[in-house]
Structures are given as C-alpha cells and as structure tokens.
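Read through the structure below, which is laid out as structure tokens, and then see the notes.
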Amino acid sequence: MAVHWALICHGLVTLTVVVSFLCGQWPIFQGTPISSIHRFITFGAYQYFLKFVGAVFGEKGTNLILSVEYYCCDRPNPILQIIYLAIIGATYCIIVKTSFSYIPGYYLSGIHRYTSLLAVGIGILLFLLTSFSDPGTVKADNVSLYLSAYPCDNIIYTEKECSTCKLPKPARSKHCSICNRCVARFDHHCGWMNNCIGERNTRYFLAFLLWHFLLCMYGTIAIGLVLAGRLKELRVVYILTVYYGVDNSFGSLAPYIVQWLLGSYNTQILLMVFMAIVSLLLAGFFVYHANLCLTNTTTNETFKWQDNISWQKKLREARASTAALKASISGVNSEGKPPESKCRSFFRRSPLEDTKAVVKNNVYDKGFIHNLYEVIFPVSTRASFLQTKSKSG
C-alpha cells in the first residue's frame, strides 16, 4: 500500500512542479504557493546554487557554471533537441515493452502497433521541419520585399535600422541575440527547436503543438483501453463480486480496481499520468498560439502592446491629473462667483473619469481568414514575392 501512496504523491508533486514552472506567472496564481514555487524554480534555486558553488569551489567554480549557463541559454545548442528525442524515444520504447504484449486485446486491434509508430514518426518529422527550416531570415537581397510586405504602423513599429545587421528593419521583425540574425514576423526563440519561430515556420510550429497534443491523447487513451481490456480479460470485476463479496457498484469496486491496477500495471499508470499532463500543457500552448495567429499577433508583439498600452494609460492619467489640478486652481482663484452647491459638486464628474480607455489598434489584423492564410501560406513563399525577388536580383 505504501508503494501506491508513493506513486500518487509522485504524480501530485510532478504536476505541481510542472504547473508552477510553466504557469506560475499567470495573474490567477499571484499570491499563491504556485507563484512562490515558480519564483524559486526559475530564480531562487539557481541563485542559491551559485552561492553554494562559490562557497565550496570559489570563483573558478562560479565562472564555470556561468560559462555553462551562457552556452545553454544564450547560444544556439542542441541540448533541448536531444532531450526531446530522448523523451519521445524512451516513452515509446517503454510503451512497446510494457503494453504491446496486450495488443491486440479486448478493445484494441493489432493495427495500433503500426499506427502508433506512424504517429511518432510524423511528430518527429514536424519537429525536424520546425527545427531546421528557415524562420524568415531578413537579408540584403530580401529586405526591400519584407519592408513592403510589412509596413510600419507607427505605434509599436517605426522605421529604423538594425544596429547589428546594419539593414533597414522591417516591421514585425526582431534581431534574435541567440541566433544573431533578424527574423521577419518574429514570434519567439524556441530552445526546444534550437531555432527562431518566425514568418516561414510558424505553421510548422503550430502543427507540431497540435500533433503532439493529439499524440499524447492517443497514447493516454490507448493505454487506458489496454488496462480496461485486461480488466475484462481477467474478469476482475466478476472475481471481486462473486468470490470476495464486493458489492457490484462503482463506489464499492473502484478502490479495489485502482489498488489492483497500481499493483499490477504501475508503469502504465505513470505513463498515462505523464502523457495526460503533457497533453494539457500542449493544448494550452496551442490555443494560445492559435489565438495569436487568428488575430495576426506574435508573442513578441504582445509584450510590445502591453508596454504601449501601459505607457498610454499613464500618459492619459497624467494629462487628466494636470487638467484636474488646473481646474481646482482656477476654482480657488475665481472670486465673485456664487459657490457651487454641494449636490452639484458631488455629481460632477472628475476629469480623471473622462480618460478614455486605451484601445489596441492592430493594423495587421485583417480578419481571421486572411490572418490564417498568412500563417499557412507565408508572404515570402508566394509566387508574387519570389518573382519580385528574382526581378530585383
């Protein structure tokens, strides 16, 4: 029984750590233990580790850790790509070793031995496409075309030159300090892909997220059906009700069945929990990025809009405060006027209340159909773009 509780505690701790690491900054978790765990994982633990290394090994040890951090976080490297391949390969091998002996079974036919391999192969193919495809690098021979394709909105983008590439900077582009290149319609740099996500490979990235969500759901459901089939084939419910006198109801049978599953198929249960958690996380990432694509916004632009809207709010509040101050000063200085009634002054609106709400004016949002078309068929892959490029070349 202690093993069963250990497995349950392991699953809960894993879920808490994963949710805290990925979602701890969400407003809904502010002031909660999830937010505190997130701060400790992303900042506190590393700082304590650096202090420990410095105290034990001195400055040389600290410099070594910082150089490793620089390589892992600030330079292109395949570490996370290798980890991804190791995770998907190890997970598939464990499933083959622990569950394929029960396929075909009561609920699953033998074809799932081959469809599972095909599904994993397609997932790896999408991973390679996203990792090694050009995200939309801005170069001297295509910068003029990107400038015409993505004009500045003079709100969050203005005409400027990239200080590193020494090229005019098209709107929506960004110079990636890790890849050391300007990327058109820059979304973010993905460490798992060791590549930027930009104008040309956002479609592959979305397909990767969607397919791996479906792949994890497929694995979770398939293993669940394998275990349900074992219940049927071994007649566990019949044995419990007839030979052990357990009442034939869900409430009575569930504890015994769970105990039997954890004791006999604990590896499959852990795999199901792992894939279910990953599928939920992938679903969240996919919905977030799909919403960005349907509104023709990038992750980089969400931060720009947040900064812009915050600045505009502060500017309008400052103007309203100045107007209110001027009105109060003029009211004090005005003499000879009858005093305003208390009732009227109570209902009179303050200039601060007249500040209009700041609206996000995204000129690149041209309707979800056009926005989706732009993601699936990037501007730089269209015939008109390529013809113009060949003529200018």
Side-chain angles (χ1 to χ4, degrees), residues 2-91 93-94 127 131 163-164 174-181 183 186-197 266-267 270-271 273-275 277-278 280-282 284-285 288 299-300 302-304 306-307 310:
V3 176
H4 304 157
W5 280 109
L7 291 172
I8 293 172
C9 292
H10 177 271
L12 291 174
V13 170
T14 303
L15 177 63
T16 303
V17 170
V18 171
V19 171
S20 300
F21 177 69
L22 296 173
C23 312
Q25 286 183 309
W26 292 6
I28 193 174
F29 292 119
Q30 286 184 357
T32 66
I34 297 293
S35 177
S36 301
I37 296 171
H38 173 83
R39 285 194 299 271
F40 177 77
I41 294 173
T42 56
F43 181 75
Y46 180 67
Q47 294 301 316
Y48 286 124
F49 177 69
L50 277 180
K51 290 179 180 178
F52 172 77
V53 171
V56 176
F57 300 101
E59 187 177 352
K60 289 184 177 179
T62 303
N63 291 336
L64 177 62
I65 297 299
L66 291 175
S67 63
V68 172
E69 177 198 355
Y70 175 77
Y71 174 76
C72 294
C73 302
D74 298 324
R75 301 308 308 153
N77 66 82
I79 293 175
L80 289 179
Q81 289 176 301
I82 295 171
I83 291 175
Y84 160 80
L85 292 173
I87 290 173
I88 196 168
T91 303
C93 288
I94 295 172
F127 168 75
S131 296
S163 58
T164 306
K174 186 179 186 295
H175 186 90
C176 178
S177 59
I178 298 176
C179 295
N180 194 28
R181 60 183 172 182
V183 177
F186 179 88
D187 190 273
H188 69 286
H189 180 89
C190 181
W192 289 100
M193 305 297 172
N194 193 25
N195 195 10
C196 289
I197 305 302
N266 49 54
T267 304
L270 285 176
L271 283 172
V273 172
F274 170 72
M275 288 189 290
I277 293 173
V278 173
L280 292 175
L281 296 174
L282 288 170
F285 281 126
Y288 171 75
T299 303
N300 179 52
T302 57
F303 296 110
K304 285 182 172 289
Q306 287 174 5
D307 294 340
S310 175

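Hydrogens, waters and symmetry mates play no part in the numbers below; they use all other heavy atoms, side chains included.
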Give the minimum heavy-atom separation between C190 and I197, together with the two atoms involved. CB-CG1, 4.0 Å
Please name the pair of heavy atoms, one in Q81 and one in M193, separated by the smallest distance, quoted to 0.1 Å. NE2-O, 3.1 Å
Within the supplied structure, the quantity of interest is the number of heavy atoms (other residues, nucleotides, ligands) at a distance under 6.0 Å from Y48 OH; does it exceed 12? no
What distance do T16 atom OG1 and I34 atom CD1 have between them, rounded to the nearest 0.5 Å? 5.5 Å
Pairwise distance CD1(I87) to CH2(W192) - rounded to 0.5 angstrom: 4.5 Å
Enclosure of Q47 CD (heavy-atom neighbours >12, cutoff 6.0 Å): yes
How many angstroms lie between atom CZ of F127 and atom CD1 of I88, to the nearest 0.5 angstrom? 9.0 Å
Non-neighbouring partners of T42 that pass side chain to side chain contact (heavy atoms under 4.5 Å, CB included), sequence neighbours left out: F21, H38
Could you please spell out the steps behind the side-chain contact (heavy atoms from CB on, under 4.5 Å) verdict for Y288 and T302? CA-CA 11 Å; Y288 171 75; T302 57; 3.9 Å; yes
CZ-CD1 distance between F49 and I65, expressed to the nearest 0.5 angstrom: 4.0 Å
Begin from the C-alpha positions of N180 and H175 and carry the test side-chain hydrogen bond (donor to acceptor under 3.5 Å, both in side chains) through to its verdict. CA-CA 7 Å; N180 194 28; H175 186 90; 3.2 Å; yes
For side-chain contact (heavy atoms from CB on, under 4.5 Å), just list the numbers for L80 and N194, CA-CA rounded to whole Å, side-chain angles, deciding distance to a tenth of an Å, and then say yes or no. CA-CA 8 Å; L80 289 179; N194 193 25; over 6 Å; no
Between the CG atom in N195 and the NE2 atom in H188, the distance rounded to the nearest 0.5 Å is 10.0 Å
Mind checking what makes side chain to side chain donor-acceptor pair (under 3.5 Å) contact with E69, not counting sequence neighbours? Y46
What's the separation between atom CD in Q30 and atom OG1 in T32, rounded to the nearest 0.5 Å? 9.0 Å
Tightest non-hydrogen contact, residues F186 and C176, listed as CE1-CB, 4.1 Å
Backbone N/O of D307 and side chain of S310: donor-acceptor pair under 3.5 Å: no
